[in-house]
Amino acid sequence: MATATLPTSGNWSDSKRYLWPLGALILLLPIAGTIGYEQTGWAVTLWFAFIILYAVIPLADYLIGEDHANPPDSAMASLASDRYYRYALFASVPVYLGMWFYMAWFGATHDLPWYAWLGLTLSLGVGCGLAINIAHELGHQTSPVERFLAKLMLAPGFYGHFYVEHNRGHHIQVATPEDPASSRFGENFYEFFPRCVAGSFKRAWNIEKKRLEREGKSVWHWSNDNLQSTAMTIVLWTIVGVWLGWQAVLFVAIAGAYGGSLLEVINYLEHYGLMRQKRADGSYERCQPHHSWNSNHIVTNVLLYHLQRHSDHHANPTRSYQTLRHFEGVPSLPSGYAAMILVAYIPPLWFRLMDPKVVAHHQGDMRKANIKPSVRDAVIAKYSQSASVATA
Amino acid sequence: MKKWRCLVCDYIYDEAKGWPEEGIAAGTLWDDVPAGWSCPDCGASKADFELIDN
């Protein structure tokens, strides 16, 4: 450590520098839960990771609060090229894969009551969800190492389509009615989730089909990224099945599905009701900072590698996590993503909290919002009255 | 004339064709495309493009 140099530019140094490895360390929580169970016999310890995500992190966001600080422009180049950040992210890969195999082994070799088993499954699922977020960061990088690791991180949870559809689907269609991964005003999470998953799988398949056709290859060619990631999943699940039995495969599959739902509930938060406008020629305006919901809550930002600085992410998708910036005047959520997940699970609460924010953002002109088609006309009529009253 | 590919979404900027929809005339070299211009498909910045070799 004595030889370590801080990335300084003038007198600026990155205050989050030594916090980023927490993103890898938190993947050990499910294991900590099993150790606690061995020591105490209390099933609640197997819920450890789940409880941290849903209770401790939202509370910590509330207590510790926000961080609006940005690195100065003069520090950006050295911050972006500092390999420390790259390795801090890479560290999460062996930790996740090791944890995943360990959890499969633990589940298969312990006779657990159902409530203990459920806690074990959800805790592994939290790990799978966090791994998708890490794969998201890796999948936006341009080097082949990162891109391979992105596919690998998605494989245990059978979420490889995300690698294809996120960059070449969501980033193109974001905040339009055509995007399955952008939620609509009036659409609750339970409507959004199946629409998003089905639409995303379909889009991922079509994107690769089109690319391979352009290259004169069949969609079944081995270079199809969807097939590559599915193959990785088959290998990993076969290892688990042969080693630990089919119940263990079922266990990791359920955990993976729950992990996927965590990614999609975050998708639900990120663009709710926001819409890019169409230009005269029928194309959409470019994605701009006001087309994403942001948060600066520090704890969730560290654990999700600045994912909540979402406006900058869409403006500069290959910008690495440590350099993402807070923008002034962009749509902001009342709390961090971790707390907002809980709100999204309770649709009446979500609508009550978020709908006024979407309406205010559009100054009552809901023609500019992305609205669930079945209620679109009613919503526009309802708020146009209040908008005209307000301006009269 | 060269081509530049968006690293995020695979959109290709062809110098020979330009992007007349936004006033970038056919034949505009990549260096002459305004710095603030971004990918018409996904909005990624000009820095997120790479030169296609062939």
Side-chain angles (χ1 to χ4, degrees), chain A residues 76-77 80 136 139-144 146-147 150 163-176 178-179 181-182 203 207-208 210-212 214-215 225 271 276 279-292 310-320 323-325, chain B:
Chain A
M76 278 301 179
H136 168 256
H140 272 299
Q141 300 306 313
T142 52
S143 102
E146 265 96 342
R147 300 190 66 82
Y163 172 86
V164 174
E165 93 86 25
H166 181 77
N167 290 15
R168 288 182 277 153
H170 175 65
H171 271 268
I172 293 173
Q173 294 187 316
V174 58
T176 69
E178 286 79 21
D179 183 25
S182 295
R203 184 162 65 180
I207 286 168
E208 277 298 85
K210 230 187 253 175
R211 177 178 74 87
L212 291 162
R214 247 193 343 251
E215 295 174 10
D225 282 327
H271 306 283
R276 286 151 63 194
R279 291 180 287 216
D281 66 357
S283 65
Y284 284 105
E285 63 172 330
R286 281 195 183 67
C287 179
Q288 292 175 64
H290 62 264
H291 294 126
S292 302
H310 211 61
S311 289
D312 196 16
H313 170 61
H314 271 276
N316 302 282
T318 64
R319 184 180 273 272
S320 48
T323 60
L324 285 171
R325 295 157 302 176
Chain B
M1 293 279 111
K2 290 173 178 150
K3 290 179 183 176
W4 294 74
R5 189 173 63 91
C6 173
L7 290 167
V8 179
C9 76
D10 284 352
Y11 166 86
I12 290 172
Y13 175 81
D14 185 341
E15 291 179 344
K17 292 180 185 160
W19 189 246
E21 287 88 335
E22 293 177 356
I24 300 174
T28 304
L29 298 181
W30 182 247
D31 283 348
D32 297 329
V33 172
W37 186 82
S38 58
C39 173
D41 277 356
C42 78
S45 68
K46 205 182 154 189
D48 287 332
F49 280 71
E50 70 172 4
L51 180 65
I52 299 178
D53 285 336
N54 51 39

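The analysis underlying the following values was restricted to heavy atoms, covering all of them including side chains, and did not include hydrogens, waters or symmetry mates. Each chain gets a letter, A, B and so on, in the order its sequence line appears, and its residues count up from 1. The shown structure was predicted, so the numbers you read here are calculated from the model rather than taken from an experiment.
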### Task
Using modelled atom types only, decide if a donor and an acceptor are shared between the side chain of A:Glu208 and the backbone of A:Asp225 within a distance under 3.5 Å.
yes
### Task
Show the numbers, then the answer: is there a side-chain contact (heavy atoms from CB on, under 4.5 Å) between A:Arg319 and A:His313?
CA-CA 7 Å; A:Arg319 184 180 273 272; A:His313 170 61; over 6 Å; no
### Message
Using the rule side-chain hydrogen bond (donor to acceptor under 3.5 Å, both in side chains), only one of A:Gln173, A:Glu178, A:His291 pairs with A:Tyr284; which is it?
### Response
A:Glu178
Atom group of [X] that falls short of 4.5 Å from chain B, counting heavy atoms:
X	result
A:Thr142	side chain
A:Arg168	both
A:His171	both

#### Entry: Parallel, tilted or perpendicular, as decided by the 30° and 60° cut-offs, for the rings of B:Trp30 and B:Trp4
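Parallel: the ring planes of B:Trp4 and B:Trp30 meet at under 30°.
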#### Entry: Interface moiety of B:Cys6 toward chain A, non-hydrogen atoms closer than 4.5 Å
neither
